[in-house]
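Notes to accompany the following structure.
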Amino acid sequence: MKYSYTDIEQKWQAYWQQHDTFTTIEDSAKPKYYVLDMFPYPSGSGLHVGHLEGYTATDVVARYKRHKGFCVLHPMGWDAFGLPAEQYAIKTGTHPRITTEQNVQSFKQSLQRLGLTYDWSREINTTDPDYVKWTQWIFLKLYEQGLAYVAEVPVNWCVEQKTVLANEEVDEYLEKGFTVVRKPLRQWVLKITAYAERLLHDLETLDWGENIKEMQRNWIGRSEGCNITFEVQRNPLTTQANITVFTTRPDTLFGATYMVLSPEHPLVASITTDTQRAAVDAYRAESAKKSDLERAELQKEKTGVFTGGYAINPATRQPIPIWIADYVLMSYGTGAIMAVPAHDERDWEFAKKFNLPIVEVLQSPHDVQEQVFVNKDAPCVNSANADVSLNGLTFKDAFEKIVAWLEAKGVGQRKVNYKLRDWVFSRQRYWGEPIPMKYYQDAQGNYTILKPETTLPLLLPDVEKYEPSGTGESPLANIDHWLYGEDAQGKFRRETNTMPQWAGSCWYYLRFKDAKNPNAFVSPERERYWGQVDLYIGGAEHAVLHLLYARFWHKVLYDIGLVSHHEPFQKLFNQGMILGEDGEKMSKSRGNVVSVDSLLETYGADVARLYVLFLGPLEQVKPWNTKGIEGVSRFLGRVWRLVYTNLHDGKPDTDSTIGVTDEPMSAAIEKAMHKTIQKVDEDCQNLRFNTAIAAMMEFVNVLTKENCHNRTAIEHLLVMLSPFAPHIAEELWQAIGHGDSIANAPFPTFDAALTKDETVTIAVQVSGKLRGTFEATVGMQNDDLIARAKEVDSVVKFLDGKEIVKHIVVPNKLVNLVVKG
RNA sequence: GCCGAAGUGGCGGAAUUGGUAGACGCCCAGGACUUAAAAUCCUGUGUUCAGCAAUGAACGUGCGGGUUCGAUUCCCGCCUUCGGCACCA
């Protein structure tokens, strides 16, 4: 019989479906394993090879763990809210639900053709009313915990289109010639900063790549320092005020020669003197117009203006000028800084530009008037007053001493700051979960009294137009019959903001444990049974946001007793991107996209699965290479011919030519088999699929070369291969007489004694250079090894006439004869 | 600029508690089978030099140093590529 992947793939996919082969089993007598993919946004362009790689990897793990006797949870779903469907709706009027459904169908079909073992009875879709209900329910839990609040937050506002833009849209709109400004708008915000310390600290407990942890740490951006209060100098023209700054270098306080406030700082108006007011107002107006992007782009030249006001440096008691400049951000620390130009690059640049004094307070190897000196190890100088002296102290001691002094005087306080900001959680869009809040009328008839929805889910109404309302509100603001209503508590207007796409993905891994539960987002029993996700695989593009947001929600749920672990994903593995054949990122515009459907067409699922893993290490970024696929295709052909030997002989095509025999295998083959099992087993556990496949190829090459068709060897090979190429494995398993699915066969075990060689090749070096080899029995004594090494033909001439000054022996490996002369 | 990862044959990659560099696969060349082709099977395949040849020697893991009997692996200094962050005081 000839190997025809189309026939056998369809046959076995139907078989698995009919027999519920991969329906999840919950058996508390067995260990559990929860292996999860980052679920996709079902885009119109279909599955790409990046999906293929990640999903195949988790599928191999899921199947492998099943062979190993685990109860495996391996689910799939759809992160189906999102901008593309909404933009398509704006263009064509097609309801996003329709587009989404179509895309889901096509995605699901492709996934099924790959022979993935997803338990489709647990399929979820973030846009389903049943799912939206629980997303909203969790939001209300956050609200009850005081972790959701309303604030005025600047957003990207397109002036011409009267629309709020997502960050990723800004460039596109600017290119079209529109004006994009920062405009404060009413937003729902989640207080993720309340969890900053735990989000940082608990990273230690996770089995994640160090690089991803580091990215999260940087994003959270913890820094220790202190807040220092500067008294504003009394001046008949200004009001009495204090300015608090945050600094990580209080040890340089004596060198603070000026202060800078962010242009948005609330004290700017009261500090500014009349003579400076016009300049200050002009500067503030200008920076308000600039988008964040522009501020960042213009980082070359520092700008700023003097307010006319002065503050007193608490250490030197000297008055120092107060400036405003947009290099100081209102959103970090206190929105104000003390500037130490001698020892901070930004301050130095600013001081040089505006001729502000630069005072050296750390012993510097060069003149700080000429060049800035940033250092933590240099001792303090010029840093003493009547009360306190830091001179001679380095960072740590100086820090402690000055902070103690400031605290004693009541003008300073230790403080930890984070770069992490609270999470702006509302979008002015249609295609998202409505935020389930209502505003009831107050005594004046204004809708100001905020209360949560009592009936969930709150679903989206149908709309005629998907464009934003033009007022900065979402299209929902135009749907009066949905927007306004009355209940026992009075007349209300609904919240028009919707949730961001992140919302659904913050907890989907929990819903998979109990996907159809109508009474709870997950039952406590099932939550506990499946516990943490044991392995989570996805692209590194989600290294920060999705993973941080999900961890945040999870911790909140943990705190209110709804989940049993404080972290959701125990082990995270990031697959590397697959590039086009040209080594560039795959993109439609480059025309280097490899589509999964065409691969399936040409080579079938087993080859596609095998090849995408054989390409290289899972975590590595690697280019696609269409030619190499022939190799794995041939490999499967060879496997096929181990069972169906007739093709090899060119004889007629009949089923009776199954060549599996019960003749014993040779010792060499048996050894090769045990080594292969060991290697494949280890590699599967460590997600090193490329070398696992290589090991199986080697084994098949040995079997082929020796014309060995031993039943045990082939059965073990098929079980090892089945996680990778399940269809052909099932077909051959059946062909050699098994009635049950290979998926239920236990993974072969190896005999450690049989993986060891009796003889080894010893390398012989002369002064570190390889000059020959010889065969020796394992465990041969060092003296014997040396004696043998000296007799090796190719070695002798390098020893001729030389004195051996040293013998180095690595047992069972190598002899190195060090010679002189 | 800062943080992180990585640089190995014509190509994808393998091998690191320091011990025969190049497993496996692609490409390529030669052979077997075939009327022929495809498929399949076998052999060879890092570079350079010497030789008719078997073979031998030198070089070789981004670059330059170092430690060591021995370095792809460890240390120091660079270069390049990719990813992330980007005035965070």
Side-chain angles (χ1 to χ4, degrees), chain A residues 2 209-219 221-223 225 245-249 252 260 295-296 298-300 302 325-329 331-340 344-347 349-350 417-421 540-541 543-544 574 576-577 579 581 583 585 611 614-617 619-635 637-638 641 647-650 688 690-698 700-701 704-705 707 761-773 794 797 805-819:
Chain A
K2 205 170 155 42
E210 199 47 46
N211 54 334
I212 300 292
K213 289 194 196 180
E214 194 60 25
M215 279 165 74
Q216 292 222 347
R217 283 187 203 112
N218 290 342
W219 190 263
R222 182 183 200 274
S223 54
V245 302
F246 172 73
T247 178
T248 54
R249 298 299 304 269
T252 62
V260 186
R295 278 200 193 185
L298 293 172
Q299 66 178 277
K300 289 270 179 277
K302 294 249 180 306
D326 65 6
Y327 82 88
V328 175
L329 309 175
S331 49
Y332 182 78
T334 62
I337 62 157
M338 65 177 210
V340 184
D344 180 284
E345 270 179 65
R346 297 151 303 182
D347 297 344
E349 226 178 280
F350 192 82
N417 260 324
Y418 301 91
K419 277 198 260 186
L420 183 68
R421 309 286 154 78
E541 66 271 23
V544 178
N574 287 107
M577 204 182 350
L579 307 172
E581 289 206 73
K585 212 178 225 175
Y611 186 58
F614 186 62
L615 217 45
E619 69 276 15
Q620 211 167 88
V621 177
K622 47 205 172 288
W624 183 258
N625 176 348
T626 301
K627 281 184 178 163
I629 200 166
E630 290 297 339
V632 294
S633 182
R634 282 174 204 156
F635 165 62
R638 277 197 287 273
R641 287 188 300 276
L647 293 174
H648 176 66
D649 303 334
R688 290 198 302 241
N690 54 330
T691 50
I693 294 166
M696 288 188 281
M697 285 175 166
E698 280 186 81
V700 168
N701 289 346
T704 303
K705 193 165 285 183
N707 202 20
T761 308
I762 304 291
V764 183
Q765 297 182 340
V766 176
S767 293
K769 288 198 175 186
L770 182 72
R771 295 305 182 185
T773 60
S794 56
K797 63 185 171 189
V805 293
K806 202 171 178 183
H807 300 85
I808 288 157
V809 180
V810 181
N812 300 326
K813 282 234 159 128
L814 156 152
V815 175
N816 187 7
L817 306 167
V818 185
V819 297

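Naming convention: chains lettered A, B, ... in sequence-line order (proteins, then strands); numbering from 1 in each chain.
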Whole angstroms only, please: what is the [atom1]-[atom2] distance between [X] and [N]?
X        : N     : atom1 : atom2 : result
A/Arg638 : B/C24 : CZ    : C1'   : 10 Å
A/Asn218 : B/C3  : CG    : C1'   : 5 Å
A/Asn701 : B/C42 : CG    : P     : 8 Å
A/Arg688 : B/G25 : CZ    : C1'   : 18 Å
A/Asn211 : B/C2  : CG    : P     : 20 Å
A/Asp347 : B/C87 : CG    : P     : 14 Å
A/Ile693 : B/G25 : CD1   : C1'   : 11 Å
A/Asn574 : B/A6  : CG    : P     : 14 Å

Is the distance from OP1 or OP2 of [N] to the nearest side-chain N or O of [X] less than 4.0 Å?
X        : N     : result
A/Arg217 : B/C85 : no
A/Arg771 : B/A58 : yes
A/Lys806 : B/U68 : no

Heavy-atom distance under 4.5 Å between the side chains of A/Glu619 and A/Asn574, does that happen here? no
Applying side-chain contact (heavy atoms from CB on, under 4.5 Å), can you list everything that pairs with [X], at least two apart in sequence or on another chain?
X        : answer
A/Arg217 : A/Leu200, A/Leu203, A/Glu204, A/Glu210, A/Lys213, A/Glu214
A/Ser794 : A/Val792
A/Ala336 : A/Ile243, A/Val245, A/Leu261, A/His265, A/Thr334

Quick check against the 3.5 Å criterion: does A/Asn816 have a side-chain atom that pairs as donor or acceptor with the backbone of A/Gly768? yes
Would you find a donor on one side and an acceptor on the other, under 3.5 Å apart, between the side chain of A/Thr773 and the backbone of A/Ala763? no
With pairs taken as Watson-Crick or G-U wobble and both distances under 3.5 angstrom, which stems of at least three consecutive pairs involve RNA chain B? B:1-7 with B:79-85, B:10-12 with B:24-26, B:28-32 with B:40-44, B:46-50 with B:55-59, B:62-66 with B:74-78
For A/His807 against A/Leu817, the heavy-atom pair lying closest together: CD2-CD2, 3.4 Å
Might you list the N or O atoms of the protein lying below 3.5 Å from N or O atoms in nucleotides 54-56 of chain B, with each pair's distance?
{"residue": "B/G56", "atom": "O3'", "partner": "A/Lys797", "partner atom": "NZ", "Å": "3.3"}

Could you tell me how far [M] sits from [N] if I compare only their [atom1] atoms? Round to whole Å.
N     : M     : atom1 : answer
B/A37 : B/G31 : P     : 12 Å
B/G19 : B/C24 : C1'   : 23 Å
B/C49 : B/U61 : C1'   : 22 Å
B/G62 : B/G12 : P     : 14 Å
B/G13 : B/A23 : P     : 15 Å
B/G70 : B/G60 : P     : 15 Å
B/G18 : B/U73 : C1'   : 6 Å
B/A53 : B/U72 : C1'   : 35 Å

In this structure, NZ of A/Lys419 is separated from OH of A/Tyr332 (nearest 0.5 Å) by 7.5 Å
Measuring from atom OG of A/Ser767 to atom NZ of A/Lys806, what distance do you get when rounded to the nearest 0.5 angstrom? 11.0 Å
Does NZ or CZ of A/Lys302 lie under 6.0 Å from the centre of the six-membered ring of A/Tyr327, at an angle within 45° of the ring axis? yes
Using atom types as modelled, flag every donor-acceptor pair under 3.5 Å from a side chain in residues 621-629 of chain A to any protein atom, sequence neighbours excluded.
{"residue": "A/Lys622", "atom": "NZ", "partner": "A/Glu53", "partner atom": "OE2", "Å": "2.6"}
{"residue": "A/Lys622", "atom": "NZ", "partner": "A/Pro617", "partner atom": "O", "Å": "3.0"}
{"residue": "A/Lys622", "atom": "NZ", "partner": "A/Gln620", "partner atom": "O", "Å": "2.7"}
{"residue": "A/Trp624", "atom": "NE1", "partner": "A/Thr626", "partner atom": "OG1", "Å": "3.2"}
{"residue": "A/Asn625", "atom": "OD1", "partner": "A/Lys627", "partner atom": "N", "Å": "3.1"}
{"residue": "A/Thr626", "atom": "OG1", "partner": "A/Glu581", "partner atom": "OE2", "Å": "2.9"}

Would you mind telling me which of [options] lies closest to the side-chain atoms of [X]?
X        : options             : result
A/Asp326 : B/C87, B/G19, B/A89 : B/C87
A/Arg641 : B/G84, B/A89, B/U40 : B/U40
A/Glu698 : B/C69, B/G25, B/A23 : B/A23
A/Lys813 : B/C87, B/G19, B/C24 : B/G19

Tell me, please, which residues at least two apart from [X] pass salt bridge (charged side-chain N to carboxylate O under 4.0 Å, His left out).
X        : value
A/Asp347 : none
A/Arg222 : A/Glu197, A/Glu224
A/Arg771 : none

For a quick check of understanding: with a heavy-atom distance under 4.0 Å over all strands, which category does [X] fall into, base, sugar-phosphate or nothing?
X        : result
A/Thr773 : base
A/Thr761 : base
A/Trp219 : sugar-phosphate

For RNA chain B, whose closest nucleotide is more 5', that of A/Arg249 or that of A/Ile629? A/Ile629
Where each residue is assigned the nucleotide of RNA chain B containing its nearest heavy atom, which of A/Ile762 and A/Lys769 is assigned the position nearer the 5′ end? A/Ile762
Check: A/Lys705 side chain, B/C41 base, donor-acceptor under 3.5 Å: no
Ignoring hydrogens and geometry beyond distance, is the side chain of A/Glu345 in donor-acceptor contact with the base of B/G1 at under 3.5 Å? no
List, with names and distances, any nitrogen or oxygen atoms from the protein found under 3.5 Å away from nitrogen or oxygen atoms belonging to nucleotides 27-29 of chain B.
{"residue": "B/C27", "atom": "OP2", "partner": "A/Arg634", "partner atom": "NH1", "Å": "3.4"}

Restricting both atoms to N or O, compile the protein contacts to nucleotides 46-49 of chain B shorter than 3.5 Å, with distance only.
none

Please list, for nucleotides 9-13 of chain B, all pairs of protein and nucleotide N/O atoms separated by less than 3.5 Å.
{"residue": "B/G12", "atom": "O2'", "partner": "A/Leu615", "partner atom": "O", "Å": "2.7"}
{"residue": "B/G13", "atom": "OP1", "partner": "A/Gln620", "partner atom": "OE1", "Å": "3.3"}

Given the rule in the side chain to side chain contact (heavy atoms under 4.5 Å, CB included) test, do A/Phe246 and A/Ser223 qualify, once you have shown the distances and angles that lead to the verdict? CA-CA 10 Å; A/Phe246 172 73; A/Ser223 54; 4.1 Å; yes
Syn or anti for B/G9, given that syn means the glycosidic angle lies within 90° of 0? syn
